[in-house]
Enquirer: 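Handing you a structure now.
Here the structure is a predicted model, which is why all the values come from computation and not from measurement. In what follows, chains are A, B, ... by sequence order, proteins preceding strands, each numbered from 1. Hydrogens, waters and symmetry mates are skipped; everything else that's a heavy atom, side chains included, is used.
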There are 2 protein chains.
Amino acid sequence: MADHKRARIQDVAEQAGVSMMTVSRVLNQDKKVSDKTREKVMAVVEQLNYRPNVSARRLASTKSFFLGLLYDNPSDTYISQFLLAALKKCRTLGYHLIVDEAHADINKTIESVKQLIDVTQVDGMILLPPMCDNEAVLDVLTKADVPFVRITPDTKLNRSPYICMDDYQAAFDVTEHLINQGHSKIAHIIGDTKQGVSRMRYQGYLDALRSNQIVTPPEYIEQGSFTYQSGMEAAMKLLSLDDKPTAIFAANDDMAAAVISIAQKQGINIPNELSVVGFDDTQLATVVWPNISTVRQPINEMAELSITLLASGQYSDLSNVKSLDLRHILDFELIERESSSIKSN
Amino acid sequence: MADHKRARIQDVAEQAGVSMMTVSRVLNQDKKVSDKTREKVMAVVEQLNYRPNVSARRLASTKSFFLGLLYDNPSDTYISQFLLAALKKCRTLGYHLIVDEAHADINKTIESVKQLIDVTQVDGMILLPPMCDNEAVLDVLTKADVPFVRITPDTKLNRSPYICMDDYQAAFDVTEHLINQGHSKIAHIIGDTKQGVSRMRYQGYLDALRSNQIVTPPEYIEQGSFTYQSGMEAAMKLLSLDDKPTAIFAANDDMAAAVISIAQKQGINIPNELSVVGFDDTQLATVVWPNISTVRQPINEMAELSITLLASGQYSDLSNVKSLDLRHILDFELIERESSSIKSN
DNA sequence: CCAGTGAAAGTTAGCGATAACATTTGTTGG
DNA sequence: CCAACAAATGTTATCGCTAACTTTCACTGG
């Protein structure tokens, strides 16, 4: 099917009747190329299906075409999804992703990041939570002038471009989803207080109730910590109330799964007697029965965008970037499954 | 801390008083270097902390220093773990990992693999299940003379080196673990029949019982399919028997989690009235309550070994490799958690 | 004693791209 | 109409390494 030899920049240059340098300029978005030439070159690039040799490029240029990814907890479900999407995007853009795990000892993490900067010479870094809020790491990167993108950061939002979703709105929507199904006794299990998203989700829940003129007793609010265990404890309290809620919105899927488990233990039918919704759309949401209605984070899009931003180089100098341009909010998706359904009053 | 400039092969050559080529030979394990010279060079390499520039190396040599990884289902928990370990190992060996997802349409997958061979020119491939048993993929790789390693393959074991764990022994051990705790009424939920591991695990279960002179009624064997749903159905049958089992060995964690859920619904205390063990040690095992006793696959070791094997080049010509040398069996680990414990007669 | 041999080490010429500088072409105003 | 400068394109050297060839040198045996 494809030609046996891979096309080189020289082949493109000859075919297009220009110099190699001009082709290189077109490929690197150098402005000093006339539109006519650019089109001519791009046509040949398409025709020969030319892709630059990453290694040659890296060897010759000052850029390394390496991007770094710093993650923390490898068992978090979304790491793999983020990683796979990021790797794919990197491949199409001719970058390589160097993946680094944060160490329990923060100093070792910093040492490792410094290595990425000095030895590997990464062109940019992606910081996943919670490392994206670690000030020491941010300082190292800032001082070394390495651009970085943070995913759903919680603090210091003016220090770098960042990508997030609208947790507040998602919580609002998922609560309203319950309301639309006829529920008014809606309880909420708050997430870990140390994470900003817990606040946002709680606030979205509150505002959805308020905008629908629904008042709930304070006992309907339980504090959790994103763990299954904490969800069980919260569920037991909520389900032992005299005036039980008919729906529970847990701030993540783990806690929602715990609610389901406790409810089933008590012989409460889901969703007929109790609707449950979670948040995150982790694997857990479809592995328990009934499947959990939840909110899906746009993880793939986040991964792709973070690579695109770093590859574009538009953030290599932050001094003249408006702080509004730093924020990238992506759309979430409400996913309705069996754990919540029309309330049959 | 570290010197600002990264050492080049030339620096090593000068410092050691030899030519660059000699250094290159030492680094590439070329046999035609005297021991004395080799030691001298290695000493300088250590001293300068020299690491070859991957890009220059790739550009100049016939090897690409790219390895391909073909995976199938991105939501499988172990993909991310395998991937992270593989990436790490690649980094230390100066390789890059190109990750590719199998397409639902097998022809597209094949096309993609051909691309990896022709365009990216990978030095080797890693095939994760179930792609490792796809004959068309194996044929493409064999025909193109690209070495490949398969992870826990099921068939055609003579076609390539492969890495697996002893599912039979693990099942034997986990069953005996239950026996040692005083159980004799031990049921088993078999996994998906299409996967060879199901057979192995079932056989291990049977043999553990037999070697302990335990006889169980045929109703204690239920057929599942590795899904939560199938686990629920099996559990309901097992727990409605007149002579209920006191322990259930499910062939994976999903089905074990389902058993726990059903048991709790029926008010059966775990582990006091019923012990449950799973298999795989997925995230699920620690996210439900009680945590599931299970068998951990040595995923990290598998990933590292697969990279090491391909990087070593020892399988670049299979014609003179004994079939016994193809097999690499790694140790598993029995993990005891709350779902199984000493039976209080 | 020296041609013949083979192991060990060195030399040269790229791999495929870009940086830096050099050159050509185009545009403007006086 | 052309100097004067900017925009567009070309030329050359080089990035760090290895393949392929060449040289050196120690050791044979007739």
Side-chain angles (χ1 to χ4, degrees), chain A residues 3-42 44-45 48-66 93-96 119-121 123 311 313, chain B residues 3 5-42 44-45 48-66 93-96 119-121 123 313:
Chain A
D3 283 357
H4 245 42
K5 284 291 170 196
R6 185 172 163 167
R8 297 159 307 159
I9 198 170
Q10 193 177 4
D11 303 324
V12 177
E14 283 171 9
Q15 181 103 12
V18 296
S19 73
M20 284 170 21
M21 205 53 222
T22 301
V23 177
S24 172
R25 286 194 181 98
V26 170
L27 263 54
N28 290 289
Q29 339 226 22
D30 195 317
K31 284 166 278 281
K32 304 191 170 184
V33 183
S34 70
D35 288 348
K36 206 179 62 186
T37 313
R38 186 190 312 280
E39 280 167 28
K40 192 169 57 182
V41 170
M42 284 312 292
V44 178
V45 166
L48 298 183
N49 190 30
Y50 168 74
R51 295 280 169 273
N53 179 313
V54 190
S55 300
R57 195 180 225 189
R58 174 157 38 237
L59 193 55
S61 82
T62 51
K63 288 168 72 179
S64 74
F65 292 91
F66 283 124
L93 293 179
Y95 276 75
H96 277 301
V119 181
T120 312
Q121 312 216 27
D123 293 335
Chain B
D3 284 357
K5 284 291 170 196
R6 186 172 162 167
R8 296 160 306 159
I9 198 169
Q10 194 177 3
D11 302 325
V12 177
E14 284 171 8
Q15 181 102 12
V18 297
S19 72
M20 284 169 21
M21 205 53 223
T22 301
V23 178
S24 173
R25 286 193 180 99
V26 171
L27 263 54
N28 290 290
Q29 337 227 23
D30 194 316
K31 284 166 278 281
K32 305 193 171 184
V33 184
S34 71
D35 288 349
K36 205 179 62 184
T37 312
R38 187 191 311 281
E39 280 166 28
K40 191 168 60 181
V41 169
M42 284 312 290
V44 178
V45 165
L48 298 184
N49 191 30
Y50 168 74
R51 296 280 169 274
N53 179 313
V54 190
S55 300
R57 193 180 228 188
R58 173 158 40 235
L59 193 53
S61 81
T62 50
K63 288 169 71 178
S64 74
F65 293 92
F66 283 123
L93 292 180
Y95 276 75
H96 277 300
V119 181
T120 312
Q121 313 217 22
D123 292 336

Enquirer: To the closest 0.5 Å, what do you measure between NZ (A:Lys40) and CD (A:Gln15)?
Expert: 12.0 Å

Enquirer: Look at the aromatic rings of A:Phe66 and A:His96 and report parallel, tilted or perpendicular, splitting at 30° and 60°.
Expert: tilted

Enquirer: Could you pull out the closest heavy-atom pair between A:Val54 and A:Gly94, with the gap in Å?
Expert: CG1-O, 3.4 Å

Enquirer: Taking the side chain as every heavy atom from C-beta outward, state whether A:Leu27 and A:Val45 have any pair of such atoms under 4.5 Å apart.
Expert: yes

Enquirer: With rounding to the nearest 0.5 angstrom, report the OG to OH distance, A:Ser64 to A:Tyr95.
Expert: 8.0 Å

Enquirer: Going by heavy atoms in the side chains, are A:Ile9 and A:Ser24 under 4.5 Å from each other?
Expert: yes

Enquirer: Mind checking what makes salt bridge (charged side-chain N to carboxylate O under 4.0 Å, His left out) contact with B:Arg8, not counting sequence neighbours?
Expert: B:Asp11

Enquirer: To the nearest 10 degrees, what angle separates the axes at the start and end of the helix from C:dC1-D:dG30 to C:dG30-D:dC1, five pairs each?
Expert: 40°

Enquirer: Using a 4.0 Å cut-off on heavy atoms, which residues in residues 33-41 of chain B reach DNA chain D? List them by number, or say none.
Expert: none

Enquirer: For residues B:Ala13 and B:Val23, report the shortest heavy-atom separation together with the two atoms involved.
Expert: CA-CG2, 3.8 Å

Enquirer: Working to the nearest 0.5 angstrom, can you tell me the gap between B:Met20 CE and B:Glu14 CD?
Expert: 9.5 Å

Enquirer: For B:Pro52, is there any backbone N or O sitting under 3.5 Å from a side-chain donor or acceptor partner on B:Arg6?
Expert: yes

Enquirer: Could you write nucleotides 20-28 of chain D as a row of B, S and -, 5' to 3', where a protein heavy atom under 4.0 Å of any base atom gives B, of only sugar-phosphate atoms gives S, and otherwise -?
Expert: B--------

Enquirer: Atom CG of B:Asp30 to atom P of C:dA8: distance rounded to whole Å?
Expert: 10 Å

Enquirer: Separation of A:Lys32 atom NZ from D:dT9 atom C1', in whole Å?
Expert: 11 Å

Enquirer: Take B:Arg38 and B:Asp35, measure what side chain to side chain contact (heavy atoms under 4.5 Å, CB included) needs, and give me the verdict at the end.
Expert: CA-CA 5 Å; B:Arg38 187 191 311 281; B:Asp35 288 349; 4.2 Å; yes

Enquirer: Detail all sub-3.5 Å separations between protein N/O atoms and N/O atoms belonging to nucleotides 15-17 of chain D.
Expert:
| unit_1 | atom_1 | unit_2 | atom_2 | d |
| --- | --- | --- | --- | --- |
| D:dC15 | O2 | A:Leu59 | O | 3.4 |
| D:dC15 | O2 | A:Ala60 | N | 3.4 |
| D:dG16 | N2 | B:Ala56 | O | 3.3 |
| D:dC17 | OP1 | B:Tyr50 | OH | 2.4 |
| D:dC17 | OP1 | B:Asn53 | N | 3.1 |
| D:dC17 | OP2 | B:Ile9 | N | 2.4 |

Enquirer: Between B:Asp30 and B:Lys32 (side chain of the first, backbone of the second, donor and acceptor by atom type, cut-off under 3.5 Å), is there such a pair?
Expert: yes

Enquirer: Do any pairs count as a salt bridge (Lys or Arg N to Asp or Glu O under 4.0 Å) and have a residue in residues 48-62 of chain A, sequence neighbours left out, and if so which ones?
Expert: none

